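In this text, all values refer to a predicted model and were calculated from it rather than measured experimentally. In what follows, chains carry the letters A, B, and so on, assigned in the order in which the sequence lines appear, proteins first and then strands, with residues in each chain numbered from 1.
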Amino acid sequence: MARYNPKETEPKWRSAWDKAQVFKAGPPAPGQPKYYVLEMFPYPSGRLHMGHVRNYSLGDVIARFKRARGFNVLHPMGWDAFGLPAENAAMERGVDPRAWTYDNIDRMRSELKELGLSIDWSREFATCDVAYYGQQQAWFLDLFKAGLVYRREGVVNWDPVDQTVLANEQVVDGRGWRSGAVVEKRKLNQWFLRITDYADDLIDSLKTLDRWPDKVRTMQENWIGRSKGARFAFRWADGPAAGFEDGLEVYTTRPDTLYGASFVGVAPDHPLAEQIAEKDPRAAAFIAECRRGGASEAEIETAEKIGFDTGLTVAHPFDPDWKLPVWIANFILMDYGTGAIFGCPAHDQRDLDFARKYGLPVTAVVLPPGEDPAAFRVADEAYVGPGTIFNSRELDGLEVEPAKAKAIARIEAQGQGDGATVYRLRDWGVARQRGWGCPIPVVHCDRCGVVALPRSALPVALPDDLDFGKPGNALARHPTWKTTTCPDCGGPATRETDTLDTFVDSSWYFARFTNPEFPEPIDKAAADYWLPVDQYIGGIEHAVLHLLYARFVTKALADQGMLSVHEPFAGLFTQGMVTHETYRRQGGEWVEPREIEIEAEGKTRRARLVGTGEPVVIGDVEKMSKSKKNTVAPEEIFEVYGVDAARLFVLSDSPPERDAQWSNAGVEGAWRFVNRVWAEFESQPQGVAAAAAGDDPGALAIRRGAHRLIKAMTEAIEGFRFNSGIARLYEFLNLLKEHKAEGASPAVLAARAEALSAFARLIAPFTPHLAEECWARIGGSGLVVSAPWPDYDPALTQDAVLTLPVQVNGKRRGEIQAPAGAEPADVEKMVLDDPEIARRLEGLTIRKVIVVKDRIVNIVAA
RNA sequence: GCCCCAGUGGCGAAAUGGUAGACGCGGUAGACUCAAAAUCUAUUGCCGAGAGGCGUGCUGGUUCGAGUCCGGCCUGGGGCACCA
């Protein structure tokens, strides 16, 4: 028997698909539903890694399944191709970033094609294609006109390694998301997209995304961080500070605790604090001290609360004779709310710590349920729970929520402020001081200021001769590119040399895929047909980055009339990472998996270096990374086991949302399966027609198994339980082996023929090349990729006679055989007549017999 | 600190409130082989010779019946975080 040879079959079938153009998305067809499957497009690093193999295999299962189910499927691929790695490669190796990127794309395209993905390659583009980013500039200008783009000086996150500004979302734990460098604060002119205009919509419509993981929705909700409260001004008690004649505006979520106020505080970089510092060197010294503190988690946790009494006082809004001191305090943040607060120490831990340190009063105004108002005191722990307001004059006796409403109403009546909603979300800073990106299509004119280019001036293309040889912005130092004329006055002007964040590039590519040739950014007819993406697949690491930006841009473009959908991704699936065991030599150096061999004896496993036999320590299972040397190169796996075995293993071992552990033994298991499948098809005599089984028990077992399998696979794929589905394939293969073709009756052979026809189609989404080879072997018509998904007969998914477990007092004590659908009363009689059960019931009195139809019997006895 | 998720054999994992451990990996024994690899067969949760007993992080509860539902706790992972 010939061993299955993927090296021969896999390329053969890929070119067959290619020739038949089977993966090209069709035009809108009446009566045929559409399905848009998209995996997050890759950065063209030049190398396919196992994470890609997993991500794209997952999407491919869905795409192939939906095709087989009769959907008009769109499954495109492109390249997120701008960004720093190209610039770094350029600087380190003196190559041109453009050439480097397109070379990488060529290499990765051929690797992805080798994976046998059902991609419509006719729609491929890279974000660094002028044809793409020129269209991006077009809609950027539309947003500019709509007031959704603005430029202002502000404090921004500066990544000193990548030498560029970062958005808040791109700073993780005080460090740049890509470089890992500690981010600095800098004051810069910066371009922003007004994502905060959409804060409410972005939160509220999360509710409609019922095919998104709760986790991602929660993360976005937290990130946007909506809080409801009041914004109001404290009036000055001793004459106004210059520039603050209307008072000092604060934000609070707890207006109900106003009678517990004991001070008002401002952030060290609040304009009032800066004004005071100009005249008072002690205040200036205090502010300088605050700035020294770092922004990392550990530093914040241990940082002591410190303050500076400005000597200014304000009046309590509800009692003009009540004076409150104004402090500068290090724990108040300038970029949240108004940068100023009132301190209520009894009901806020930070305020309490601060008040204890500086001897400020602590007055409890919320009485916890069941506490005695005369005796209740706050010691070291602020009380933040529910309760009844007391010590608060007209608010006394109210619960927290009504008290908030009443306080806000009074503030509003006094004209001092109003109820307000505040967000943690900041506007999206999109300018990057980098040369390998989409140029921002505006010019700076001495006379007219910042001028947006007209559409006719697009695309603003990158020059071909950028010098990436040294750090910094290659575009800004180009000798001639930025010199231009003002489209308004015709006078001399310079081009903006900042480029757009690459997250802008990826925030609309899914819409461009619907018609990548269109002369406008988006072909509305095509987008209306294909969008939203029915199933989007990618890593959880983009939960608040790409996925938030893409939602925002979709809403903004929809408001410009360019799109009809307000959400880009109807279904989202976040897949886990690919991990591997780590190995280290005694000295601690990491060792690659290919350099070791594992031996097992009983339950213990040992690893040794190949060749020397030096023992190696088996370490934790971790995400594949070059630094820990626990990577496995996909192309080496393809070479040994073929693409199908790799695809199968990466889908079979863990549920797709969880991390999958790669192991050599595991892929060998998948390889065994591939060979056993092929052996099963080879052993079947050719030309046997599928036929109804009659009552041959073997044939019936095969048919029942097959129909059960079809049902299970259909449900498993719909529910993203690929690992369970694949387990059922293995199970069914074991069943087929019990009913070998060799020496089988005609009835069994006919049942096998029916089963194998279904089986070839069921494995097609997972091991598409093998499926074609099997399909051809049994004389299936056309390509299996175009064959319809098999149907099942519900009547055949159940056995005629069932084995029902019998429990006594909830413990399994035996079993009986009963026909499917047997009436509970009949089953009860059978159970009580059973001698083995009767033995178990000796000396007991039966109180109750529960029969769950076709399931279980439980006898309650004492 | 707040929010979310997860704890099941040696390992990856299954299990609409109804036979816990499907399926795979690994192990053990055997067949084939001069031998090995590959392949095939059997077996494999734990304790026990067996009958049987015990088992889904711990602990209470609901239920005829709980891995699954509810309460409390422990451990691990993730997100947010001096956010007023």
- Task: Please determine, by modelled atom types, if A:E668 and A:Y641 share a side-chain donor-acceptor pair under 3.5 angstrom.
- Result: yes
Exercise. How is A:D214 classified with respect to the nucleic acid when contacts are heavy atoms under 4.0 Å: base, sugar-phosphate, or nothing?
Worked result: nothing
Exercise. At under 4.0 Å between heavy atoms, what does A:S652 touch on the DNA or RNA strands: base, sugar-phosphate, or nothing?
Worked result: nothing
task = Assign A:S663 to base, sugar-phosphate, or nothing according to its heavy-atom contacts below 4.0 angstrom with the strands shown.
result = nothing
Taking B:rC82, B:rU19, B:rG24 as options, the one with an atom nearest any side-chain atom of A:R676 is B:rG24
Answer yes if the ring centres of A:Y730 and A:F732 are under 6.0 angstrom apart, and no otherwise. no
Note to self: Taking the P atom in each of B:rA31 and B:rA37, what is the distance between them to the nearest angstrom?
What the structure shows: 14 Å
Legend entry - Euclidean distance for P, B:rG71 against B:rG79 (whole angstrom): 26 Å
How is A:R254 classified with respect to the nucleic acid when contacts are heavy atoms under 4.0 Å: base, sugar-phosphate, or nothing? sugar-phosphate
*asked:* Within the 4.0 Å heavy-atom criterion, would you say A:V852 contacts the bases, only the backbone, or no part of the nucleic acid?
replied: base
Answer for the Watson-Crick or wobble partner of B:rC69, both distances under 3.5 Å, is B:rG61
>> Using a 4.0 Å heavy-atom cut-off, does A:K853 contact any base of the nucleic acid, only the sugar-phosphate backbone, or nothing at all?
In response: nothing
Worksheet item: At under 4.0 Å, does any side-chain N or O of A:K737 touch on OP1 or OP2 of B:rC40?
Response: yes
B:rC54 -> Watson-Crick or G-U wobble partner, both distances under 3.5 Å, gives B:rG45
query: Reckon A:R350 has a side-chain N or O less than 4.0 Å from the OP1 or OP2 of B:rC83?
result: yes
Judged by whether its glycosidic angle lies within 90° of 0, B:rG9 is syn
Considering only heavy side-chain atoms of A:Q807, the closest of B:rG24, B:rG65, B:rA84 is B:rG65
With rounding to the closest Å, how many angstrom separate the P atoms on B:rA20 and B:rC54? 12 Å
- Query: Can you find a donor-acceptor N/O pair under 3.5 angstrom joining the side chain of A:N858 to the base of B:rC64?
  - Reply: yes
Rounded to whole Å, CD of A:E581 lies from P of B:rG26 at a distance of 13 Å
Considering only heavy side-chain atoms of A:T218, the closest of B:rG12, B:rC3, B:rC23 is B:rC3
Whole-Å distance, A:R658 CZ to B:rC5 P, equals 14 Å
Closest of B:rA84, B:rC80, B:rC25 to the A:W223 side chain is B:rC80
Of the candidates B:rA13, B:rA15, B:rU19, the side chain of A:P805 sits closest to B:rU19
- Query: OP1, OP2 of B:rG26 versus side-chain N and O of A:R672: anything below 4.0 Å?
  - Reply: yes
message = Taking the ring centre of each residue, are A:F649 and A:W671 less than 6.0 Å apart?
response = no
ask   = Does A:R813 place a side-chain N or O at less than 4.0 Å from the phosphate oxygens OP1/OP2 of B:rG53?
value = yes
One should read off an interatomic distance between A:L425 CG and A:D427 CG, to the nearest 0.5 angstrom, of 7.5 Å
Rounded to whole Å, the CD1-P distance (A:I540 to B:rA6) equals 13 Å
Next item on the list: Would you classify A:G669 as touching base, sugar-phosphate or nothing, given that sugar-phosphate means primed atoms plus P, OP1 and OP2, and contacts are heavy atoms under 4.0 Å?
Entry: sugar-phosphate
From the candidates B:rG26, B:rG24, B:rC82, the one with an atom nearest any side-chain atom of A:A600 is B:rG26
A:L651 CG to B:rG12 C1', in whole Å, measures 14 Å
I'd like the C1' distance from B:rG21 over to B:rC11, given in whole Å. 13 Å
Note: for A:G666 and A:F342 on RNA chain B, the residue whose nearest nucleotide lies more 5' is A:G666
Parallel, tilted or perpendicular: which describes the rings of A:F234 and A:F232, with under 30° parallel and over 60° perpendicular?
tilted
On a whole-Å scale, what distance lies between the P atoms belonging to B:rU16 and B:rC69? 11 Å
C1' spacing across the pair B:rC74 / B:rA84, given as an integer number of angstrom | 33 Å
The residue among A:F286, A:F354, A:F342 that forms ring-ring contact (aromatic ring centres under 6.0 Å, His included) with A:W327 is A:F354
Check: What integer number of Å spans the C1' atoms of B:rC47 and B:rG55?
Finding: 10 Å
Closest of B:rA84, B:rA14, B:rU41 to the A:S724 side chain is B:rA14
Once you apply a heavy-atom cut-off of 4.0 Å, does A:N723 come out as touching a base, just sugar-phosphate, or nothing? sugar-phosphate
Can A:D353 and A:R350 be counted as an ion pair, charged N to O under 4.0 angstrom? no
(message) I'd like to know if A:R855 reaches the base of B:rU16 with its side chain, counting only an N/O donor and acceptor under 3.5 Å.
(response) yes
Side-chain atoms of A:N222 come closest, of B:rG79, B:rU19, B:rG18, to B:rG79
Among B:rA13, B:rA84, B:rC3, the one nearest any side-chain atom of A:T252 is B:rA84
To the nearest angstrom, the CD-P distance between A:E668 and B:rC25 comes to 10 Å
In whole angstroms, the gap separating P of B:rC80 from CD of A:E541 amounts to 13 Å
- Task: Would you classify A:I859 as touching base, sugar-phosphate or nothing, given that sugar-phosphate means primed atoms plus P, OP1 and OP2, and contacts are heavy atoms under 4.0 Å?
- Result: nothing
note: A:N330, atom CG; B:rC82, atom C1'; distance rounded to Å ~ 8 Å
Is it true that A:T803 and A:Q817 share a donor-acceptor pair across their side chains at a distance under 3.5 Å? yes
Exercise for review: Check whether any side-chain nitrogen or oxygen of A:N734 sits under 4.0 Å from OP1 or OP2 of B:rA22, and answer yes or no.
Suggested key: no
Test side-chain hydrogen bond (donor to acceptor under 3.5 Å, both in side chains) applied to A:R676 and A:N734, step by step: CA-CA 10 Å; A:R676 284 168 49 194; A:N734 290 340; 2.6 Å; yes
Ranking B:rC80, B:rA13, B:rA84 by distance to the side chain of A:Y251, first place goes to B:rA84
Q: Using the C1' atom as the reference point in each nucleotide, state the distance between B:rU8 and B:rA15 in Å, no decimals.
A: 11 Å
Here the distance between atom P of B:rG76 and atom CG of A:D659, to the nearest Å, is 18 Å
